[in-house]
Amino acid sequence: MGHRSCRSGSGADSLGNGSRRCGKLRAEEIAFLAAQAAEEKKAIDVLILDLREQTVLADYFVIASAETAPHVRAIVEAIEEQVSRAGKDPLRREGRQEARWILMDYGSVVVHVMDEATRDYYDLEHFWRDAPRIELAEMAQWAQASQ
């Protein structure tokens, strides 16, 4: 199945080995930075799903949850700040007002931050159960290797 690396006009280029660069950051770097920022803000059950062989929607999903709407917003702000400092802003955001499920679309990486009830209800992990799960430490190695 083909891979969508970045949206048109976002500076996509191929690095030859299946890795794609979106602007200045590779998908692995964006996913790592997002997951790391979520962990630092004490998000619950931070998960990275490798969707490259599953869909053309994105290369990676980062999923995290929080107990309250203010905590969801704090996690999202931390992710946006950390990824933005590295040179990539989200293409779009959804759900900020209600803060039950905030989605940040970085093109090749889609970040989902949800309250626990919403995460349990929609169960993205089950829907994408065939997608490999990547540990934060493993993603850190991939991100470092790309620099």
Side-chain angles (χ1 to χ4, degrees), residues 1-7 10 12-67 69 71-84 86-96 98-147:
M1 182 173 277
H3 305 297
R4 182 191 79 160
S5 58
C6 299
R7 296 236 165 91
S10 65
D13 61 45
S14 174
L15 298 178
N17 61 358
S19 296
R20 283 140 326 269
R21 189 173 291 280
C22 295
K24 296 177 184 172
L25 294 178
R26 285 183 47 214
E28 291 82 3
E29 294 169 297
I30 295 168
F32 169 71
L33 290 170
Q36 181 182 49
E39 287 275 342
E40 289 172 0
K41 280 292 182 181
K42 308 292 188 222
I44 299 165
D45 197 18
V46 178
L47 176 66
I48 302 169
L49 297 178
D50 182 346
L51 301 175
R52 293 176 296 175
E53 298 299 323
Q54 308 297 316
T55 184
V56 296
L57 294 174
D59 290 343
Y60 299 98
F61 273 4
V62 177
I63 305 171
S65 50
E67 293 180 358
H71 191 198
V72 168
R73 285 187 190 101
I75 293 166
V76 166
E77 288 173 13
I79 291 168
E80 287 182 340
E81 181 179 313
Q82 188 154 325
V83 177
S84 179
K88 184 74 175 167
D89 292 323
L91 300 171
R92 66 184 184 144
R93 294 173 212 85
E94 294 184 16
R96 186 173 290 254
E98 298 84 25
R100 296 189 67 208
W101 180 351
I102 299 177
L103 179 145
M104 292 169 287
D105 182 354
Y106 288 95
S108 60
V109 178
V110 178
V111 180
H112 303 269
V113 182
M114 303 174 236
D115 64 33
E116 290 181 292
T118 301
R119 185 171 179 174
D120 288 344
Y121 182 80
Y122 287 100
D123 198 7
L124 292 179
E125 294 93 328
H126 179 72
F127 185 79
W128 295 103
R129 66 186 167 274
D130 293 333
R133 277 116 173 101
I134 302 173
E135 296 297 321
L136 188 58
E138 182 181 0
M139 186 58 81
Q141 290 175 343
W142 290 2
Q144 285 181 333
S146 71
Q147 297 175 346

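In what follows, residues are counted from 1 in the order of the sequence shown. What you see is a predicted model, and the numbers here were worked out from it, not measured in a lab.
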Testing L91, V111, V110, V62 one by one against M104 for a side chain to side chain contact (heavy atoms under 4.5 Å, CB included), which residue passes?
V111
Can you tell whether the side chains of K41 and E81 come within less than 4.0 Å, N to carboxylate O?
no
Looking at E67 and K42, is any side-chain nitrogen of the basic one under 4.0 Å from a carboxylate oxygen of the acidic one?
no
V113 side chain near I79 side chain, heavy-atom distance below 4.5 Å:
yes
D89 and S84, any side-chain heavy atoms less than 4.5 Å apart:
yes
Cationic N near anionic O, under 4.0 Å, E29 to K88:
no
Any salt bridge between R100 and E98, counting N to O under 4.0 Å?
no
Mind telling me whether H112 and F61 have parallel, tilted or perpendicular rings, with 30° and 60° as the class edges?
perpendicular
Under 4.5 Å between any side-chain heavy atoms of L51 and L57, yes or no?
no
Side chain to side chain, Q36 and L33, heavy atoms closer than 4.5 Å
yes
If you compare all heavy atoms of I48 against all heavy atoms of A35, which two are closest, and at what distance to 0.1 Å?
CD1-CB, 3.7 Å
Side-chain (R129) to main-chain (H126) donor-acceptor, under 3.5 angstrom:
yes
Test your reading of the model: is there a side-chain donor-acceptor pair from R133 to the backbone of A131, 3.5 Å cut-off?
yes
Sub-4.5 Å side-chain heavy-atom contact between L124 and L49:
no
Would you call Y60 and D50 a side-chain contact if the rule is heavy atoms closer than 4.5 Å?
yes
Between E138 and F32, is any pair of side-chain heavy atoms under 4.5 Å apart?
no
Can you give me the closest heavy-atom contact between A27 and D59, atom names plus distance?
CB-OD2, 3.9 Å
Any non-hydrogen side-chain atom of M114 less than 4.5 Å from a side-chain atom of I63?
yes
Which heavy atom of A64 sits nearest a heavy atom of V46, and at what distance?
CB-CG2, 4.0 Å
